[in-house]
Amino acid sequence: MKKTLALLLCVCMLLPIISSCANAPAQRPSELTTEPAGNDTTDEIAAESDVDDMENYDPNKKTKFNHKLIVANGRTYHTVRVIGGNTSAEETAAIQLKKYLADMNISESDKGYPITLKTDASLKADSYKIEISGSNAEGMTISGGNGRGVLYGVFNFLEKWAGVRFFTPSLEVCYEGDILMEPEVYEFSPVFDFRQIDGYSVQKDYRWCTKNGVNCSQWVGRFREDWGGSLGYSGPWVHSLYKLLGTSKDEQPCFTDPTVLANTIAAVRKILKDDPDTTLISVSQNDNDNYCTCKNCSIVMAKERSAAGPLIRFVNAVADDIAKDYPNVTIDTLAYRWSQTPPAVTKPRENVCIRLCSFYCHFTQPITSDRCPENKDFREDIVAWSKVCDNIYIWDYTINYRFAVPTFPNLHVLRENMKFFAENNVKGVFPEGNYMSASGEFGELRAYLLAKLLTDPLMSEEEYNRHMNEFLAAYYGEGWTYIRSYIDEICTKADSGCQSIYDSPFKAVPATFYYGNRSKFTEYWDKAEELAGARLKNVQRSRLQWRYIQLMLSKNVDDAKKLIADVEAAGVHWGETVKTLPKNLDLTKVNFMDGPDKWK
């Protein structure tokens with residue numbers, strides 16, 4: 001008979017290893033939900049696919065969440081009465097609310113605590129309002145500016161008042177404590193209109209995205225309408241001009257050639273005709289530095305004092321052509337590499353979005369730091385673009401794409417970067433992450449933190465630490481504080497160095513630092529494994545990063561064989577361009593200080 005999962009994770013009672021762990025989760029979660037956890041648990045609830053509609057939903061079914069009560073204005077309720085559901089998204093919101101409350105043994109009845117769900121056109125898209133009435137008119141109303149807003153309101157209520165956390169598509173936690181309802185009005189409007197994510201653990205799950213406020217994933221396409229839909233692209237996704245024109249991706253078209261413009265407009269109009277619900281379409285440069293320097297383009301670049309000049313004029317012409325027929329469509333183009341600096345004369349049209357890419361930045365320093373000159377340049381370009389364009393999007397980078405397994409110490413800068421974006425007129429962010437495979441590092445943690453930051457980029461450092469600690473405790477088990485110690489010590493050291501998305505792991509954190517702390521860091525991971533319980537596989541997979549670092553510090557063929565076998569057995573990719581290593585690899589000749597793309 002399976003044992004009961006004793007994941008009470010009372011983090012307030014865990015001994016913090018270092019001072020930063022003092023912001024540990026303040027509550028104790030009840031049993032974890034949907035993630036398979038070996039033979040040590042029976043405390044899991046049904047997967048989301050079991051509750052797609054009311055016909056499959058059983059409000060009386062017993063689950064393993066701890067029992068809760070609703071306490072409102074001095075009265076205690078064991079049941080609820082959910083009112084609303086006029087649209088498919090509202091109906092989904094009602095189903096989800098009933099499901100999670102039923103998981104807490106709060107069922108439905110005609111005399112239950114009344115909760116009304118509705119769409120309110122006076123609210124902005126994706127915004128929501130939660131109104132908890134006083135004693136004379138008991139009940140709660142969750143209003144959304146659109147279907148997504150209603151869903152966001154429901155999931156925020158479950159998180160803020162009922163203690164539910166949506167860590168991964170298969171790992172959800174409900175903290176102990178009754179649902180305390182005091183009269184108040186809580187309104188929330190996302191800072192970023194466009195919130196896109198692509199972490200491998202979450203990229204194809206529109207349900208997880210909606211639960212965490214993400215409204216776009218290129219891996220899903222459009223989210224289902226009954227889950228609020230999404231902002232999404234029609235036509236080719238980014239670096240799109242060669243696809244629109246049917247030309248080589250290794251060159252850039254001539255942006256002053258009227259034939260190229262006419263063909264691009266025709267391709268865009270065909271996409272819009274085929275998919276009239278389109279809201280975003282990419283007309284963006286190909287992924288190379290071979291921009292046109294013909295006579296006409298050179299004249300424009302000289303006048304604009306930027307290679308972006310011909311591109312922005314070209315994109316403006318496309319936007320002008322479609323504006324009358326498709327007033328709700330935005331043309332998205334890149335400010336990337338050679339086009340990062342804004343033109344001196346031409347301004348983007350109102351229906352053009354400029355997406356700046358932090359390609360040249362260093363990522364162990366926040367954008368606000370002048371320690372790395374590349375960050376200062378990017379920061380100044382964001383400010384410059386924001387003065388001439390109201391639709392600034394950011395394509396950020398959050399992992400090492402060449403060394404994807406070793407530790408990438410940037411968890412200390414994510415919040416500050418998002419805060420800077422929010423304070424500088426940025427309307428959308430896509431933090432590209434570990435999209436290639438399951439992570440041998442902290443990809444799952446990073447995806448969750450980025451989703452939280454996309455929704456609330458102005459959160460305090462204390463809130464950010466709480467989100468991190470809650471995830472670590474649920475995902476890694478009772479030894480999570482040792483992993484937090486590892487993160488903090490590596491990130492603290494990295495704070496004095498600069499590292500790009502392709503640099504060696506030792507660029508920001510010297511090999512001498514890792515070498516001097518080998519015994520301590522090994523003990524951290526040993527302790528984390530020892531206390532992991534049902535989360536052992538998660539700890540072991542994330543420990544691959546430390547094993548890789550150790551191999552770089554001291555070459556050992558036997559250790560290399562074991563690491564390679566374990567990395568590939570876990571389905572972890574070595575880098576953006578290296579999925580698996582050659583089978584005939586001669587490990588005696590490999591220099592492990594090189595990236596895996598050079599292991600021959």
Does [X] come within less than 4.0 Å of [Y], counting only side-chain N to carboxylate O?
X      : Y      : value
Glu470 : Arg466 : yes
Asp370 : Arg379 : yes
Arg195 : Asp126 : yes
Lys452 : Asp456 : no

Taking the six-membered ring for Trp, are [X] and [Y] parallel (under 30°), tilted (30 to 60°) or perpendicular (over 60°)?
X      : Y      : answer
Trp395 : Phe430 : perpendicular
Tyr291 : Trp338 : tilted
Tyr514 : Phe506 : tilted
Tyr401 : Tyr502 : tilted
Tyr486 : Trp546 : perpendicular

Can you find a pair of side-chain heavy atoms, one from [X] and one from [Y], that are under 4.5 Å apart?
X      : Y      : answer
Phe420 : Ile382 : yes
Tyr128 : Val154 : no
Met436 : Ile399 : yes
Asn375 : Phe378 : no
Thr256 : Ile299 : no
Leu453 : Arg415 : yes
Ile271 : Arg269 : no
Lys507 : Ser500 : no

**Asked** Can you check whether Phe157 and Tyr186 have ring centres sitting under 6.0 Å from each other?
**Response**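 Distance test on ring centres: not under 6.0 Å, no.
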**Request:** Examine Phe167 together with Tyr475 and report whether their ring centres are nearer than 6.0 Å.
**Result:**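 No; Tyr475 has its ring centre 6.0 Å or more from that of Phe167.
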Step through the shown structure and confirm whether more than 12 heavy atoms of other residues, nucleotides or ligands are within 6.0 Å of [atom1] on [X].
X      : atom1 : answer
Lys160 : NZ    : yes
Lys427 : NZ    : yes
Lys493 : NZ    : no
Tyr233 : OH    : yes
Glu463 : CD    : yes
Tyr200 : OH    : no

List the atom pairs, donor and acceptor, that lie under 3.5 Å between side-chain atoms in residues 259-266 and the rest of the protein, sequence neighbours left out.
residue	atom	partner	partner atom	Å
Asn263	ND2	Thr259	O	3.4
Thr264	OG1	Val260	O	2.8

**Prompt:** Is the side chain of Asp597 donor-acceptor paired with the backbone N or O of Arg402 at a distance under 3.5 Å, no angle test?
**Reply:**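 Flag not set: sc Asp597 to bb Arg402 has no pair under 3.5 Å.
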**Any donor-acceptor pair under 3.5 Å from Asp198 side chain to Trp219 backbone** =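 No, because the side chain of Asp198 does not come within donor-acceptor range (under 3.5 Å) of the backbone of Trp219.
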**Message:** I'd like to know if Cys372 pairs up with Cys498 as a disulfide, counting it only when the SG to SG distance is below 2.5 Å.
**Reply:**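 Their SG atoms fall under 2.5 Å; a disulfide, then.
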**Asked** Just by distance, with hydrogens left out, do Arg222 and Ser234 show a side-chain donor and acceptor under 3.5 Å apart?
**Response**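 Checked: Arg222/Ser234 side chains pair up, N/O donor to acceptor below 3.5 Å.
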**Prompt:** Side-chain donor-acceptor pair under 3.5 Å between Gln545 and Thr407, yes or no?
**Reply:**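 Their side chains do contain a donor-acceptor pair, which is all the 3.5 Å distance test asks for.
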**Test applied, ring-ring contact (aromatic ring centres under 6.0 Å, His included); reference residue, Tyr393; option that passes from Tyr336, Trp385, Phe194** =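 Testing each of Tyr336, Trp385, Phe194 against Tyr393, the sole residue satisfying ring-ring contact (aromatic ring centres under 6.0 Å, His included) is Phe194.
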All N/O donor-acceptor pairs, side-chain side in residues 573-581, below 3.5 Å, sequence neighbours left out:
residue	atom	partner	partner atom	Å
Trp574	NE1	Glu568	OE2	3.0
Glu576	OE2	Tyr435	OH	2.6

